[in-house]
Amino acid sequence: MRKIWDRYKYAALVALIGAGLLLWPGGERNSGGGLPIGQEKAEPPELQAQLEDILSTVSGVGQVRVLLTVESDGERQLAQDMELEYSGPTASPEDYSRRSETVLVKGGSGAEPVTVRQTYPTYRGALVVCQGGDRAEVRLAVTEAVAALTGLTTDRVTVAKWQ
């Protein structure tokens, strides 16, 4: 047993320190109560206005208003450059600090953050009120268009007549 300990004591020490660092609470707290560091809410697209514009050009629709209910907002995760600094002996560091910066890339319009992952909003339902909402072919065309652009199933899209 002594030979095994002498042979693997440094590997065990490194594994123990690594496990301790993984369990160590982070130094930076996100007091905003929102997203973790490096994540921000994705700007919600003006999909309602875009839908109103495009649906008003469909034959027979006329004036149109669209209301989308959002189930979950989208978000985008930004690339982070992290640096850890330890103080104290290597075997048992007394303190450490973590510094994190968002990675930027220079583009044509200046520096822009690098997006690692982006999720788009998911919608719960849609209500479309239009002048041609009493005609079956208009309701079908509007329902299919909204379903295709939002990812909603057709049973979650309601089309009503404008008064």
Result block: side-chain N/O donor-acceptor pairs under 3.5 angstrom for residues 141-152, not counting sequence neighbours:
unit_1, atom_1, unit_2, atom_2, d
Thr143, OG1, Arg139, O, 2.7
Thr150, OG1, Val146, O, 2.6
Thr150, OG1, Leu152, N, 3.3

Q) Between CD of Gln80 and OG1 of Thr102, what distance do you get to the nearest 0.5 Å? A) 4.0 Å

Q) Counting N and O atoms only, with roles assigned by atom type, does the side chain of Lys106 sit under 3.5 Å from a partner on the main chain of Ala111, one being a donor and the other an acceptor? A) no

Could you tabulate the donor-acceptor pairs under 3.5 Å formed by side-chain atoms of residues 51-60, not counting sequence neighbours?
unit_1, atom_1, unit_2, atom_2, d
Glu52, OE2, Val66, N, 3.0
Ser56, OG, Glu52, O, 3.3
Ser56, OG, Asp53, O, 2.8
Thr57, OG1, Ile54, O, 2.5

Q: Determine whether Glu75 and Arg117 make a side-chain contact, defined as any pair of heavy atoms from C-beta on separated by less than 4.5 Å.
A: yes

(Q) Within the 3.5 Å criterion, strictly below it, is a donor on Thr122 or Glu71 matched to an acceptor on the partner's side chain? (A) no

Q) Linking Ile, Leu, Val, Met, Phe, Trp and Tyr through side-chain heavy atoms less than 4.5 Å apart, which residues share a cluster with Val103? A) Val105, Val114

**Q.** Joint cluster assignment, Tyr123 & Leu127, ILVMFWY side-chain distance < 4.5 Å
**A.** no

Q | Shortest non-hydrogen separation from Gln131 to Trp162 and the atoms involved | A | N-CB, 3.5 Å

Q) Hey, does the side chain of Arg98 reach the backbone of Met82 with a donor-acceptor pair shorter than 3.5 angstrom? A) no

Q: Working to the nearest 0.5 Å, report the span between SG of Cys130 and CZ of Arg65.
A: 13.0 Å

Q. Distance from Arg124 atom CZ to Thr69 atom OG1, nearest 0.5 Å?
A. 6.5 Å

Q: Using the rule that two of Ile, Leu, Val, Met, Phe, Trp, Tyr join whenever any of their side-chain heavy atoms come within less than 4.5 Å, decide whether Leu47 and Val61 are in one cluster.
A: yes

Q.
Assess the residue pair Arg76 and Leu78 against the criterion (side chain to side chain contact (heavy atoms under 4.5 Å, CB included)); give the C-alpha distance rounded to whole Å, side-chain angles, the decisive distance to 0.1 Å, and a yes or no.
A. CA-CA 6 Å; Arg76 66 181 189 160; Leu78 304 177; 3.9 Å; yes

